[in-house]
Structures are given as C-alpha cells and as structure tokens.
Novice: 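Structure in structure tokens, see below.
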Amino acid sequence: MAGNRPVPTADWNGRPHRVNSTAQDPFDPRDRPARLTVGVVGAGRVGPALAASLRLAGHRPVAVSGVSDASVRRAAALLPDIPVVTPAEVLARADLVLLTVPDDALPGLVEGLAETGAVRPGQLLVHTSGRYGAKVLDPALRAGALPLALHPAMTFTGTSVDVQRLAGCSFGVTAPEELRLAAEALVIEMGGEPEWIAEESRPLYHAALALGANHLVTLVAQSMELLRTAGVEAPDRMLGPLLGAALDNALRSGDAALTGPVARGDAGTVAAHVAELRAHAPGAVAGYLAMARTTADRALAHGLLKPELAADLLDILAGGDPLGDARGDGAGGTR
C-alpha cells in the first residue's frame with residue numbers, strides 16, 4: 001500500500017530530500033527523510049490509524065496512551081507490541097507525539113503536559129482537532145515544542161481500513177510558517193493531501209466538514225429507518241445507488257444537481273411528506289422542514305425553483321396546513 005503513496009519532497013524540518021525516480025520502491029530508505037519515534041496520546045479512532053500510517057512510511061511508533069478497554073484493544077490491533085503507558089511517558093519516548101483526544105479535552109491536556117515539564121524542546125507535537133489551529137499548542141510552544149495542527153478530513157472506524165482510507169485524504173494543516181513544509185511532509189508521508197487552513201478559519205472549516213459528513217450519516221440513517229417503516233426490506237440496497245449518484249452530482253455540479261419536489265416547487269408532494277412524517281415519524285419532521293427550507297432557498301437563489309411556485313411551498317415549510325391539496329389528489333408524484 002505504501003508504494004501507491006506520493007513521494008515526500010521534504011523532511012520533517014522542511015529540508016528538501018533526494019528522490020530516486022528510478023527506484024522500484026518510492027519509499028526506498030535511501031530516499032526517506034529522517035525517521036522519527038512516534039507516540040500517541042489518546043488511542044481513540046484516529047491516533048492509532050495515523051501512527052500505523054506513519055509506520056508504513058518508515059517512522060517507528062514507540063508508545064501509546066489509552067484509558068478505556070476499547071482504546072487498549074484498538075491500540076493492540078493497529079499498533080501491536082507497542083506499550084500502553086501514561087501520556088507523560090509517551091512524550092518522554094517519542095520525537096513526534098500525536099495528541100488525538102476530543103476537542104474539548106485538548107486545551108487542558110496541552111496545558112497540563114507543559115506545566116508538568118513533559119514537553120521537550122524540539123519535540124513535534126501534532127494535534128488532530130478540526131476546531132483548533134496551532135495556537136492551542138502555545139503552552140507547549142513556550143516549552144520549546146514544534147506545534148502542528150493536522151486534521152484528516154475523514155471519518156474513522158477504529159480499524160485497519162482507516163489506514164487505507166488515508167490514501168488521498170485531505171488534511172487541514174495549520175502551523176507556524178517556518179514549520180509549514182514539515183507539516184506538509186508528514187501529511188504526504190501518510191498518503192494525504194495537505195490543505196492549508198488559516199488559524200482564524202479553523203472553526204468555519206470544521207463546521208463545513210461536520211455539516212457535510214456528520215449530518216449526512218444522520219440523514220442516511222433516518223432515511224433507512226423510514227424506508228423500513230414503509231416496508232422496504234433492504235433500504236441500504238435501495239439507497240446506495242441513489243445516494244452515490246446524488247453525491248457524485250453534487251460534488252460535480254453543486255446546487256445545479258438539485259432534484260426532487262422542493263426544487264420543482266411541488267407543494268402538494270411536500271405537504272404529503274410532512275403529513276406522513278407527523279403520523280409515522282414525528283421526530284423527523286423538524287429536520288425535514290429545516291433541510292427543505294434550506295433547499296428551497298438555494299433552489300430559488302440559483303434559478304431552479306420558479307418564484308411563482310415558491311409561495312405555496314414556503315407556506316407549507318413555514319408550518320401551514322401540511323395536508324392542503326395533498327389530502328385528495330396526491331399532487332406532485334414521487335419522482
């Protein structure tokens with residue numbers, strides 16, 4: 001798998017290194033940058049996968065910390081024979097430390113490690129939070145560490161499949177300018193694609209990813225539940241081709257890919273949807289209305305929804321009678 005990865009063009013200090021274009025193995029040891037010992041603080045779904053990926057690039061995982069039984073099992077599966085120790089011991093053993101803890105725990109962890117003297121000068125500290133940039137590592141920076149924010153734009157399962165998915169995965173990268181090449185080199189070694197994110201843009205960047213990926217999971221899971229309620233035996237098989245095509249079209253064409261009753265202005269169909277959801281899945285109504293209103297706004301703005309058809313639709317979405325004309329004639333169809 002490592003043979004399919006982009007060849008790093010700089011070492012972790014940002015120095016260009018020699019690339020042998022004739023070698024069969026693009027990760028020939030003669031062409032690799034300096035190898036690092038790697039530690040993981042927080043053996044959740046992300047940290048062990050990144051460390052395993054760095055191991056494929058020739059770095060050497062040496063320590064991991066984890067509290068729960070699930071974390072210990074995950075570390076054993078992805079990083080076999082690597083000792084599970086305290087966070088302070090991880091920092092004592094590793095040149096490169098991955099801080100892969102929940103966002104809300106990260107500032108306190110960094111402050112605690114810095115205050116207790118666990119951080120060593122020249123040590124690379126990498127966090128994987130999407131929300132934070134490099135400034136959250138300022139306490140460690142004052143202790144002499146080299147701060148990097150490398151957020152993989154990927155959903156993780158906590159299994160070996162995550163290592164494969166890192167190939168071609170974009171990473172949101174934030175670091176001091178003098179460490180930019182080092183950050184990009186590490187991402188490339190993990191098979192990823194570095195995307196520079198300004199410090200002040202990190203929360204917006206992360207919100208965008210959460211909107212697209214996390215909410216997608218909720219929408220798909222809810223859709224499958226509703227299909228089961230409607231009598232569909234294999235909702236995953238039904239949705240797979242449809243969602244795959246919708247995602248591909250959206251990535252290619254953006255709002256121009258919108259289809260369905262909202263974009264067409266089929267108020268009767270939307271009213272029937274709302275009525276059925278209120279009867280069979282009331283918990284889904286608020287989400288349906290919110291997404292339909294957003295869809296209608298974007299369809300109007302892009303000229304897909306005709307203004308003369310929008311009034312009745314928006315009335316339904318604002319809480320008007322959900323039955324209306326749909327009570328008798330089933331207007332709008334199902335296309």
Side-chain angles (χ1 to χ4, degrees), residues 1-2 4-17 19 26-27 33 36 38 40 42 44-47 49-54 56-57 59 96-103 106 124-138 141 146-157 161-217 247-255:
M1 178 169 57
N4 294 325
R5 297 180 174 216
V7 180
T9 56
D11 68 14
W12 61 273
N13 281 317
R15 297 185 298 263
H17 73 91
V19 175
F27 278 86
L36 301 168
V38 178
V40 179
R45 296 182 179 185
V46 179
L50 296 188
S53 185
L54 286 168
L56 289 176
H59 299 290
L96 164 62
V97 179
L98 303 172
L99 304 178
T100 53
V101 298
D103 289 359
L106 182 61
L124 279 164
L125 282 191
V126 177
H127 80 70
T128 58
S129 166
R131 169 186 172 187
Y132 292 108
K135 287 187 69 63
V136 72
L137 297 173
D138 276 356
L141 175 63
L146 307 177
L148 307 175
L150 307 179
H151 174 252
M154 177 55 62
T155 182
F156 287 79
T157 65
V161 71
D162 297 331
V163 181
Q164 302 170 28
R165 286 177 173 172
L166 287 174
C169 167
S170 291
F171 279 67
V173 177
T174 306
E177 185 61 34
E178 61 271 20
L179 294 176
R180 179 167 182 159
L181 288 179
E184 293 177 346
L186 283 172
V187 169
I188 291 171
E189 286 200 313
M190 287 186 282
E193 297 286 342
E195 184 74 35
W196 195 256
I197 308 294
E199 180 80 30
E200 63 275 13
S201 297
R202 292 289 289 206
L204 179 61
Y205 152 80
H206 195 226
L209 294 180
L211 186 67
N214 303 152
H215 296 175
L216 176 63
V217 173
L247 177 60
D248 183 63
N249 291 343
L251 292 175
R252 292 173 182 271
S253 306
D255 288 295

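Predicted model only: the values in this text are computed from it and were never measured.
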Novice: Can you see which heavy atom on Ala175 is nearest to which on Ala183, and at what distance?
Specialist: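 In this case the closest contact between Ala175 and Ala183 is CB-CB, 4.4 Å.
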
Novice: Does CD in Glu199 sit with more than 12 non-hydrogen atoms of other residues, nucleotides or ligands closer than 6.0 Å?
Specialist: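 Count over threshold, so yes.
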
Novice: How far does CG of Leu150 sit from OG1 of Thr100, to the nearest 0.5 angstrom?
Specialist: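 With rounding to 0.5 Å, CG (Leu150) is 12.0 Å from OG1 (Thr100).
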
Novice: Spell out, as yes or no, whether a donor-acceptor pair under 3.5 Å connects the side chain of His59 to the backbone of Leu36.
Specialist: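 Confirmed, His59 side chain pairs with Leu36 backbone.
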
Novice: Using the rule given for side-chain contact (heavy atoms from CB on, under 4.5 Å), can you reason through Leu251 versus Leu247, listing the C-alpha separation, both sets of side-chain angles and the distance that settles it, and then say yes or no?
Specialist: CA-CA 6 Å; Leu251 292 175; Leu247 177 60; 4.0 Å; yes

Novice: Please report the closest heavy-atom contact between Asp103 and Gly130, naming both atoms and the distance.
Specialist: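 Result for this residue pair: OD1-N, 4.4 Å.
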
Novice: Can you see which heavy atom on Met190 is nearest to which on Ser53, and at what distance?
Specialist: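 Looking at all heavy atoms of both residues, the closest pair is O-OG, 3.2 Å.
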
Novice: Stepwise, does the side-chain contact (heavy atoms from CB on, under 4.5 Å) test hold for Leu50 with Phe171?
Specialist: CA-CA 12 Å; Leu50 296 188; Phe171 279 67; 4.2 Å; yes

Novice: Do you know which two heavy atoms are closest between Pro147 and Leu141, and how far apart they sit?
Specialist: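 Looks like CD-CD1, 3.8 Å.
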
Novice: Run the numbers on Leu209 and His151 for side-chain contact (heavy atoms from CB on, under 4.5 Å), then give the verdict.
Specialist: CA-CA 11 Å; Leu209 294 180; His151 174 252; 3.6 Å; yes

Novice: Mind listing the closest non-hydrogen atom pair of Trp196 and Thr174 along with its distance?
Specialist: CH2-C, 4.3 Å

Novice: Starting at CD1 of Ile188, measure out to CD of Glu193 and round the result to the nearest 0.5 Å.
Specialist: 7.0 Å

Novice: Working to the nearest 0.5 Å, report the span between CG of Asp162 and CE of Met154.
Specialist: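 Asp162 atom CG to Met154 atom CE measures 8.5 Å (nearest 0.5 Å).
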
Novice: Nearest heavy-atom pair of Arg45 and Thr157: which atoms, and what distance?
Specialist: CD-C, 4.0 Å

Novice: Between Leu186 and Leu54, does the side-chain contact (heavy atoms from CB on, under 4.5 Å) criterion hold? Intermediate values first, please.
Specialist: CA-CA 8 Å; Leu186 283 172; Leu54 286 168; 4.2 Å; yes

Novice: Measure the CD-CD distance between Glu195 and Glu184 for me, rounded to the nearest 0.5 Å.
Specialist: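 Rounded to the nearest 0.5 Å, the CD-CD separation comes to 10.0 Å.
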
